[in-house]
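These numbers were taken from a predicted model, which means no experiment stands behind them.
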Amino acid sequence: MMLKMLLAGSTALLYCAAFIPAAASAADTAPLKVKSVEFTATPVPATDLEKATPHTISTAVVTLIDGSKKTSPLSYNVLHRSGDYLKGWYAGLIVDRDGKPLMQSAPDAKGNVARGPFRSAGPDGTSLLLIPNAKVDGVKGNPLFLVNHFEYDTEGENIDPAKPPVDLYALLPMAMNLTVLDQDPQTGKLTPAKLSNVDFSAVEGLWIPCNGSTTPWMTHLGSEEYEPDASVFEKTPLEPMNLYLGTPGKLAADGGANPYRYGHLVEVTVNPDGSTKAIKHYSMGRLAFELGDVMGDRKTVYMGDDGDDVIRAMFVADKEGDLSAGTLYAAKWIQKDAARYGKARLQWIKLGHTSDTEIEALIAKGTRFSDIFEVASADAVKAEPAKYEGFKPVYIYSGTGSKTQLEYLKLKPDMERAAAFLETRRYAAYLGATTEFTKMEGQAHSNADKKLWTAISYVRKGMIDGQNKERPQDDIKLAGDEKDLTCGVVYESALKGSQKDTAGNPIASDWVATDMTGLVYGERNPADGKQKLDKCDTEKVANPDNIRY
């Protein structure tokens, strides 16, 4: 028996395994009848070695139906590390659309360029997929498929040896790896057999993928985080993705990278022979996605939106197991209690309905930010209010390349669909959705209990009462000490059917989140001011991020 937990570490793919020794007789090889499994604790790392190395001193305590117990120590086993060469390919290798390694980065704000090749050490979202009838050449046991994506690379050698290394965040396209794993049918041990990059050339590359999930139909649902601000990259080349496309210096209008191609949920299908197909779900909107978590109906999806001044989004697909078309909603927080990280009921504002093909057509024909919105600065509106009648104030995170600030928008005629699915956060704010959430990270749910959990890594800024400043609305007004609130919270939501949107139209889902209640939350370190590293209490949750149930 093996109890396995697959982890995406900062530099390696590992699995944590507990092995119960093989039985001596045929009778003992029958499946164990398990009543419960308990994992003992591993203390907070204390030494420098513990802090730098994946490790555990925990054990798995398995209680059988007859009351007897079996105890096995846990241990980590490295599958491969970033940069490892495995069967003809390097883990984490960053390539262009032709599959060739990139040999230099885009320039940073100061013009510094890093020297390649680049092998990202930032694996984030991971799916372990069991595909029916899988058969892969070279695999003797049971083929399993591991899809993992790389959020960013950390730093690279400057092409000028006299200058310091270059911070590579957002200076490169990114990649997903597919590792074919050979699983021993007797012990469950996993051995890497093949490694390759997932081909993203059909969707013009991959941008800063963050967390991911495994769908109920066994595909990898990844994400693109911190979408490029299209109002900026309409006039400035998006050079990291130009590197991928081989179009240096070009704007989207001239054949360069189009910012609207990036900032989407990405689904990767692995076929039984180990081949892959990657698509972007333009119908699910464009945000700083953390992940998409598919509910038990195989239609309703909740998405994290990472950053300050972001939204809570929900997507309801038209068909089960098919995310290519559906309806997108944004939440309105109706506060009921400010204490203990807050309690609110949720209303849902419909942003629109569409399909991947409809939005892809808008992108392909060259739709620009300036085709969707007129925009004015706060100073301009204050100076000439009559001139900007009909403009609405929004205060949102607008993506990579710009800063969060108050701006005034006016939707151009017949651009509702483009706004809803290409400028999702701006349009949600335009329609009155709550945009004060901060650092909305992972989502997890229970099908049995119909509960949804949402991790807010840091509660700060617009979520705190009295901190709204220039924000044009103040839906979230949490009370409490900021040093406690900044340690984060996990909210619980009940999922129900027979719900209507704010226009009174039925929502075609029995998995609609109707509330948010602070369930598990952090607090400042009891040794506040005396503890050098841990600002939050290490005996409680501290800045929750990616969560699973």
Side-chain angles (χ1 to χ4, degrees), residues 2-19 49 52-56 74-95 99-102 116-131 134 136-156 168 172-185 187-200 206 208-214 218-220 222 266 268 270-271 273-276 278 546 548:
M2 180 176 71
L3 304 169
K4 57 183 179 292
M5 176 173 63
L6 197 68
L7 304 176
S10 61
T11 60
L13 292 174
L14 319 107
Y15 68 93
C16 187
F19 291 96
L49 181 61
T53 308
H55 78 285
T56 178
L74 301 183
S75 63
Y76 280 100
N77 297 277
V78 176
L79 296 177
H80 58 70
R81 298 183 181 276
S82 298
D84 283 356
Y85 184 78
L86 177 64
K87 307 289 182 167
W89 200 249
Y90 290 95
L93 186 64
I94 307 303
V95 301
K100 297 179 180 179
L102 288 176
F118 304 100
R119 302 177 184 92
S120 172
D124 203 323
T126 301
S127 291
L128 182 63
L129 305 179
L130 174 62
I131 307 300
V136 179
D137 290 342
V139 175
K140 297 178 180 179
N142 303 318
L144 296 177
F145 302 98
L146 182 68
V147 179
N148 67 285
H149 59 235
F150 298 88
E151 184 172 357
Y152 59 90
D153 204 351
T154 49
E155 66 177 23
L168 290 172
L172 294 167
M174 278 293 115
M176 286 195 193
N177 278 169
L178 174 72
T179 307
V180 180
L181 299 172
D182 192 340
Q183 185 180 46
D184 187 301
T187 67
K189 183 180 179 180
L190 302 175
T191 303
K194 294 183 177 181
L195 177 70
S196 61
N197 273 24
V198 176
D199 183 3
F200 276 87
L206 184 65
I208 311 181
C210 196
N211 196 9
S213 66
T214 305
M218 276 288 150
T219 60
H220 174 71
V266 181
V268 175
V270 181
N271 300 311
D273 64 357
S275 61
T276 60
N546 301 340
R548 282 291 185 272

Any heavy-atom pair between the side chains of [Y] and [X] that's under 4.5 Å?
X    : Y    : value
M176 : V266 : yes
V136 : F145 : yes
D137 : K194 : yes
M218 : S127 : no
T179 : L79  : no
D184 : T191 : no
L130 : L144 : yes
L102 : P173 : yes

Write down the atom of [X], the atom of [Y], and the distance for their closest heavy-atom approach.
X    : Y    : value
E151 : M174 : O-CG, 3.4 Å
G141 : P143 : O-CD, 3.5 Å
N271 : T276 : ND2-N, 4.3 Å
R119 : G83  : CD-CA, 3.3 Å
D153 : F118 : OD2-CB, 3.7 Å

**Report entry** L206 CG to D199 CG distance, which is reported to the nearest 0.5 Å
**Finding:** 11.5 Å
Requested in this report: Enter the distance from T219:OG1 to I131:CD1 here, rounded to the nearest 0.5 Å.
Outcome: 8.5 Å
Report task. Using atom types as modelled and distance alone, determine if a side-chain donor or acceptor of D182 lies under 3.5 Å from a backbone N or O of V139. Result -> no
Query - Y152 backbone acceptor or donor facing S120 side chain under 3.5 Å - result: yes
Report summary line: By side chain to side chain donor-acceptor pair (under 3.5 Å), N211 pairs with (sequence neighbours left out) N546
Query raised in the report: Can you find a side-chain donor-acceptor pair between S275 and D273 that sits under 3.5 Å?
Result: yes
Report task. Have a look at N177 and tell me which of T126, L195, L146, V198 forms a side-chain contact (heavy atoms from CB on, under 4.5 Å) with it. Result -> L195
Counting only pairs under 3.5 Å, give me each side-chain donor-acceptor contact of residues 84-95, with atom names and distances, residues two or more places apart or in other chains.
unit_1 : atom_1 : unit_2 : atom_2 : d
D84    : OD2    : R81    : N      : 2.7
W89    : NE1    : N197   : OD1    : 2.8

**Report entry** S196: side chain to side chain contact (heavy atoms under 4.5 Å, CB included) partners, not counting sequence neighbours
**Finding:** L178
